[in-house]
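Contents: one structure, followed by commentary.
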Amino acid sequence: MTQLALVIDLNVCVGCHACVTSCKEWNDAGSAGPLTDQNAYAKDPTGTFFNRVQTFEVGEFPDTQTVHFPKSCLHCEDPPCVPVCPTGASYKRAEDGIVLVDYDKCIGCKYCAWACPYGVREMDQQQKVMTKCTLCVDRIYDSLLPERDRKPACVMACPTNARLFGDIHDPDSEVSVAIREQGGYALMPEWGTHPANHYLPRRKTGFRIDPDELKRVDNPLKVDGKLPKPPTDAPALDDVTSW
Amino acid sequence: MNPAWSVILLTTLIGAGQGLFLALYALEVGAAAGVLGAPGRMFYVTGAALSLVLLAAGLFASFFHLGHPARAWRSAAKWRTSWLSREAIVLPAFIGCVFVYGGAHHLPTGERSSLWIGAAASVLCLALFVCTAMIYACVKFLQEWHTTLTPLNYFLLGTASGFTLAASLAALAAPGASTALVLAALALGALAYLGRLAALRRNARLRPISTLATAIGIKHPRITQIAQGFMGGSFNTREFFHGRPREIVRAVRWSFLVLVFPLPALLLACGGGSVPVLVAAFLVQYAGLLAERWYFFAEANHPQNLYYQAIS
């Protein structure tokens with residue numbers, strides 16, 4: 001069983017919103033579009049987005065950390081939004097685990113949004129149907145694209161490589177290794193939704209200096225003795241001193 | 001949550017319609033058993049017609065909740081998993097049954113079958129109460145709703161308002177049955193009031209299961225939101241926040257606490273069977289139920305709100 005998912009590294013996300021705009025750009029014109037906007041150039045602009053980047057401050061001044069937190073559909077393995085849909089418009093694909101909405105069946109009752117604790121479904125004001133992240137399903141299987149471009153638009157756009165994409169059920173995939181080795185976690189585990197998307201925690205970045213790096217144990221001077229002193233008439237490096 | 005008028009009207013109108021039908025059928029069963037005096041045929045026909053009007057008005061209001069009302073028929077598809085789908089099946093079925101029930105009383109030959117039709121309609125009526133309430137009670141994320149008190153209160157509040165309406169109808173068309181209905185309305189109203197108070201008490205003590213720490217997965221007691229990613233609002237800020245000041249919410253709670261039972265009970269008890277007073281009792285109670293349902297939605301706090309605490 002395949003379960004495609006994103007793994008988002010909070011340690012390197014810089015909150016640039018490139019994934020937000022790239023997602024909007026791709027999906028506005030893709031099969032999940034249009035993602036309409038209202039008052040786009042007026043007061044209180046609003047619109048439909050599949051992906052948002054939020055910012056949180058953790059700690060108390062002066063010991064604070066700024067955490068940029070991208071949020072999109074987590075493609076839960078046990079999605080609570082799917083069984084509540086009265087029409088079957090909301091569904092989870094068996095072949096790759098992507099949770100999708102069939103716009104032609106959606107009646108716009110918003111019940112699935114109530115049943116999602118993460119608030120990642122947005123009702124499009126103009127289309128009057130529920131919209132959500134598709135993991136760029138119209139892109140990742142597009143054989144017309146070069147192999148390396150068959151990734152969600154947000155992953156392609158991320159300048160710091162904070163977004164990884166792959167199959168979390170394949171233990172050897174990039175995302176599984178990242179989750180396993182860097183402490184990947186799921187959001188709101190208390191609800192038992194088993195989100196497929198994982199987040200990698202903030203980590204203290206630094207480097208370790210071992211004592212033998214400061215004082216070399218294999219110092220060649222100690223092993224072979226001091227180098228012989230050159231004669232005074234030997235050419236010097238700067239024509240002044242003789243070493 | 002942001003209360004939607006379409007849903008408030010749907011749940012209160014069909015609740016009253018269901019309660020009215022149950023009152024009619026209870027009277028009929030009582031009359032058949034010889035406990036109560038039999039009201040005339042026109043009482044049942046008028047009552048069933050009134051019930052149909054309320055149910056149809058509720059159904060009509062529900063369409064305004066949908067983005068695509070023309071596709072509403074599709075909602076019957078997933079009855080195996082969705083309470084909303086079950087409601088979408090049971091509500092029209094119940095409306096049909098009430099229509100046949102009224103028809104059975106209207107036709108001179110239908111009197112015999114009306115007891116059986118009424119029994120079927122009563123089963124559908126109870127199923128509809130369960131379906132409507134379970135739409136809310138089954139969403140575990142809304143802790144204020146996720147309790148057995150939700151179906152109980154939907155049933156009790158609906159039947160109480162329906163019996164009050166039946167009492168005023170009986171005062172008009174079947175004075176002999178009026179006293180029994182007034183007493184039943186008082187009893188159901190008192191039970192509904194107790195149930196609602198119990199729900200208020202329970203919800204006042206709720207502790208949210210999700211916190212900002214689990215929402216973003218950072219185990220720290222002090223997390224504040226700096227930006228939610230946009231400034232002009234989104235579906236998330238419109239659908240899940242009512243945006244009313246706390247004083248308004250509190251005023252609505254107090255108003256429904258007065259209007260749902262104490263005031264109508266006073267009118268029912270002291271009305272002396274006069275039609276205008278009993279009608280006023282129903283109208284007051286229905287206004288209270290509108291406030292009660294508004295508060296029911298406004299009170300619910302969705303965990304997604306954790307992600308939308310600060311604009312920027």
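For clarity, every value in this text was computed on a predicted model and none was experimentally measured. Proteins get letters first, then strands, A, B, ... in listed order; numbering begins at 1 in each.
Between chain B and the residues A:Gly108, A:Gly47, A:Pro189, the most heavy-atom pairs under 4.5 angstrom are made by A:Gly108. Residue with the most contacts toward chain A among B:Gln309, B:Met231, B:Gln228, B:Met1: B:Gln228 (heavy-atom pairs, distance under 4.5 Å). Interface remark: of the candidates A:Arg52, A:Lys43, A:Glu57, A:Glu57 forms the most heavy-atom pairs closer than 4.5 Å to chain B. Note on B:Cys138, B:Gly217, B:Gly229: by heavy-atom pairs under 4.5 Å with chain A, the leading option is B:Gly217. Note on B:Ala76, B:Ala70, B:Ser75, B:Ala77: by heavy-atom pairs under 4.5 Å with chain A, the leading option is B:Ser75. Of the listed residues (A:Pro80, A:Ala186, A:Gly119), the greatest number of heavy-atom pairs within a distance under 4.5 Å of chain B belongs to A:Gly119. Counting heavy-atom pairs closer than 4.5 Å to chain B, the top-ranked of the candidates A:Ala89, A:Pro201, A:Cys106 is A:Cys106. Per-residue counts of heavy-atom pairs under 4.5 Å with chain A were compared for B:Leu306, B:Thr237, B:Asn305, B:Leu212; the largest is that of B:Leu212. Put simply, of B:Thr214, B:Val7, B:Thr211, the one with the most heavy-atom pairs under 4.5 Å next to chain A is B:Thr214. Residue with the most contacts toward chain A among B:Ser85, B:Ser210, B:Ala88, B:Pro69: B:Ser210 (heavy-atom pairs, distance under 4.5 Å). Highest contact tally toward chain B, considering only A:Gln127, A:Gln125, A:Met130, A:Arg202, is held by A:Gln125 [criterion: heavy-atom pairs under 4.5 Å].
Contacts between B:His65 and chain A at a heavy-atom distance below 4.5 Å involve backbone atoms as well as side-chain atoms. In this structure, chain A has heavy atoms under 4.5 Å from both the backbone and the side chain of B:Ile135. Proximity to chain A is absent for every atom of B:Arg86, based on heavy atoms less than 4.5 angstrom apart. For A:Val53, the part lying near chain B is the backbone, with the side chain staying farther off; criterion is any non-hydrogen pair under 4.5 Å. A:Thr193 touches chain B through its side chain: at least one heavy atom from C-beta onward sits under 4.5 Å away, while N, CA, C and O do not. Contact annotation for A:His17: only side-chain heavy atoms (C-beta onward) come within less than 4.5 Å of a heavy atom of chain B. If you measure heavy-atom distances from A:Cys109 to chain B, the contacts under 4.5 Å come from both the backbone and the side chain. Proximity to chain B involves both the backbone and the side chain of A:Ala113, based on heavy atoms less than 4.5 angstrom apart. Of the two parts of A:Val67, only the side chain, counted from C-beta on, holds a non-hydrogen atom closer than 4.5 Å to a non-hydrogen atom of chain B. Interface remark: B:Glu87 contributes no atoms to any contact with chain A (heavy atom separation under 4.5 Å). Both the backbone and the side chain of B:Tyr307 come within contact range of chain A, each with at least one heavy atom under 4.5 Å from a heavy atom of that chain. Heavy-atom distances place both the backbone and the side chain of B:Ala215 under 4.5 Å from chain A.
The aromatic ring centroids of B:Phe129 and B:Tyr154 lie 6.0 Å or more from each other. Taking the six-membered ring where the residue is Trp, the centroids of B:Phe296 and B:Trp145 are separated by under 6.0 Å. Remark: aromatic rings of A:Trp191 and A:Tyr118 are distant, center separation not under 6.0 Å.
The closest side-chain heavy-atom distance from A:Leu187 to A:Leu74 is below 4.5 Å. The shortest side-chain heavy-atom distance between B:Leu128 and B:Leu124 does not fall under the 4.5 Å cut-off. For the pair A:Cys136 and A:Asn27, the minimum side-chain heavy-atom distance is below 4.5 Å.
Nearest approach of B:Thr81 to A:Pro83, heavy atoms of both residues: OG1-O, 2.8 Å. Between A:Lys71 and A:Asn51 the shortest heavy-atom distance is O-OD1, 3.3 Å.
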>> Under the criterion salt bridge (Lys or Arg N to Asp or Glu O under 4.0 Å), I'd like the reasoning laid out for B:Arg74 against A:Asp102: C-alpha separation, chi angles, the key distance, then a yes or no.
In response: CA-CA 12 Å; B:Arg74 285 188 179 276; A:Asp102 183 343; over 6 Å; no
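A cation-pi contact links A:Lys24 to A:Phe49, judged by a cut-off of 6.0 Å to the six-membered ring centre and 45° from its axis.
A:Tyr141 and A:Asp96 form a side-chain donor-acceptor contact under 3.5 Å, judged by distance and modelled atom types alone. In this model, a donor atom of one side chain and an acceptor atom of the other lie less than 3.5 Å apart for A:Asp124 and A:Thr48.
No salt bridge links A:Asp172 with A:Arg180; every basic N to acidic carboxylate O contact stays at or beyond 4.0 Å. A salt bridge does not link A:Lys132 to A:Glu122: none of the charged nitrogens lies less than 4.0 Å from a carboxylate oxygen.
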